[in-house]
Amino acid sequence: MSEKIIKKPFFIFNPKSYLYGQELYDLVEVAEKLAREYEEKISILVTGPFADLSNMVKITEKVKISAQHMDGIELGRGMGYITAESLANIGVKATFLNHAEHQQTLSELSKSIKRSKENNISTIVCADSLEEAKAIAKLDPEVILCEPSELIGTGKVSDESYIKKTNTAIREVNEEILVMQAAGISTADDVYRTISLGADGTGCTSGIVKAENPKQMLKDMIEACVKAYEERQ
Ligand SMILES: O=C(CO)COP(=O)(O)O
């Protein structure tokens with residue numbers, strides 16, 4: 001069993017392929033400062049391109065660094081694949097799986113989740129619909145990210161009924177799974193609303209990388225996550 005490294009509430013900054021190198025590390029350092037300041041109050045994760053992960057791990061202590069994808073193969077043949085061992089070896093603590101921009105079949109997902117657990121890597125598995133979320137919940141990932149693909153990058157967020165329905169459906173299958181709600185999160189108010197509606201965590205890509213001041217937006221979103229969760233308790 002993998003040791004759980006993600007606690008409620010959590011916030012994931014997921015710069016995808018928008019950023020790399022120093023521009024990315026500058027934001028990772030902002031996230032690290034906040035993770036130290038709010039250590040008891042929030043888990044903060046940042047994903048990165050594979051080539052940047054090792055450098056990101058070196059400049060962080062409290063922020064958990066996540067891969068954007070991981071394959072379920074064993075060590076051996078597998079040209080161009082990413083193994084759990086290679087990520088764990090450099091200190092990566094989590095991985096996204098089945099993102100709308102890097103989809104996997106249920107059978108591939110099941111293998112990736114198994115290999116992640118064998119290597120103490122937390123899994124954040126994306127689901128595009130209520131039905132997909134229920135099917136993925138049976139595979140026992142650490143986090144399910146409910147993220148309707150059509151909202152990604154639009155600045156439009158899931159409606160209240162979708163958030164509540166998916167939160168409940170996942171917890172009915174397995175109450176240990178953490179529920180993340182995202183896609184279209186573009187302001188600190190979006191973060192506050194999502195957590196207030198019962199999500200364990202949320203996150204953002206374009207709302208931060210395209211903001212006038214990405215560092216400030218990252219800070220505002222993380223603080224909104226802490227505030228909403230405290231008020232919910
Ligand atoms: O795909 C996403 C994270 O998994 C979200 O993307 P946006 O924040 O740009 O909508």
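Order of listing sets the numbers, starting from 1, for every ligand and every atom in it. The basis for the numbers below is simple: all heavy atoms, side chains too, and nothing from hydrogens, waters or symmetry mates.
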**Request:** Give the numbers and elements of all ligand 1 atoms closer than 4.0 Å to a heavy atom of A183.
**Result:** 10 (O)
**Asked** Between E74 and R115, does at least one N-O distance fall below 4.0 Å, as a salt bridge requires?
**Response** yes
**Prompt:** Does atom CD of Q233 have more than 12 heavy-atom neighbours, drawn from other residues, nucleotides or ligands, at distances under 6.0 Å?
**Reply:** yes
**Item:** Test: E32 and R36 ion pair at under 4.0 Å
**Value:** yes
**Message:** Polar contacts were defined as any N/O atom of the residue lying under 3.5 Å from an N/O atom of the ligand; does this apply to G184 and ligand 1?
**Reply:** yes
**Prompt:** Within the structure, does E101 bring an N/O atom to less than 3.5 angstrom of an N/O atom in ligand 1?
**Reply:** no
**Message:** Suppose I only count heavy atoms of C204 and a 4.0 Å limit; which atoms of ligand 1 are within that range?
**Reply:** 8 (O)
**Prompt:** If you count the atoms of ligand 1 from 1 in the order shown, which ones are under 4.0 Å from a heavy atom of L145?
**Reply:** 4 (O)
**Item:** Close-contact set for ligand 1 against G153 heavy atoms, below 4.0 Å
**Value:** 7 (P), 9 (O), 10 (O)
**Request:** Just let me know how T154 lines up against ligand 1, side chain, backbone, both or neither, with a heavy-atom cut-off below 4.0 Å.
**Result:** neither
**Item:** Any V209 heavy atom less than 4.0 Å to ligand 1
**Value:** no
**Prompt:** Does the distance from a Lys or Arg side-chain N to an Asp or Glu carboxylate O, for E160 and R193, drop under 4.0 Å?
**Reply:** no
**Prompt:** So, does S186 use its side chain to make a donor-acceptor pair with the main chain of G207 at under 3.5 Å?
**Reply:** no
**Prompt:** What protein heavy atom is closest to atom 8 (O) of ligand 1, reported as residue, atom name and distance in Å?
**Reply:** T205 N, 2.9 Å
**Request:** Take atom NZ of K16 as the centre, draw a 6.0 Å sphere, and report whether it contains more than 12 heavy atoms from other residues, nucleotides or ligands.
**Result:** yes
**Message:** Does any N or O of ligand 1 fall below 3.5 Å from an N or O anywhere on G203, backbone included?
**Reply:** no
**Prompt:** Which pair of non-hydrogen atoms, one from V143 and one from M180, has the smallest distance, and what is that distance?
**Reply:** CG1-CB, 3.8 Å
**Contact atoms of ligand 1, heavy-atom distance to I152 under 4.0 Å** = 1 (O), 6 (O), 10 (O)
**Item:** Nearest neighbour in protein (non-hydrogen) for atom 9 (O) of ligand 1
**Value:** S206 OG, 2.5 Å
**Message:** Check this for me: does any side-chain nitrogen of one of E37 and K33 sit under 4.0 Å from a carboxylate oxygen of the other?
**Reply:** no
**Request:** Please identify which atoms of ligand 1 are closer than 4.0 Å to at least one heavy atom of N14.
**Result:** 3 (C), 4 (O)
**Message:** Could you check whether any side-chain heavy atom of I42 comes within less than 4.5 Å of a side-chain heavy atom of Y229, counting everything from C-beta outward?
**Reply:** no
**Complete:** Min over K210, Q68, E147, H99 of heavy-atom distance to atom 5 (C) of ligand 1 lands on E147
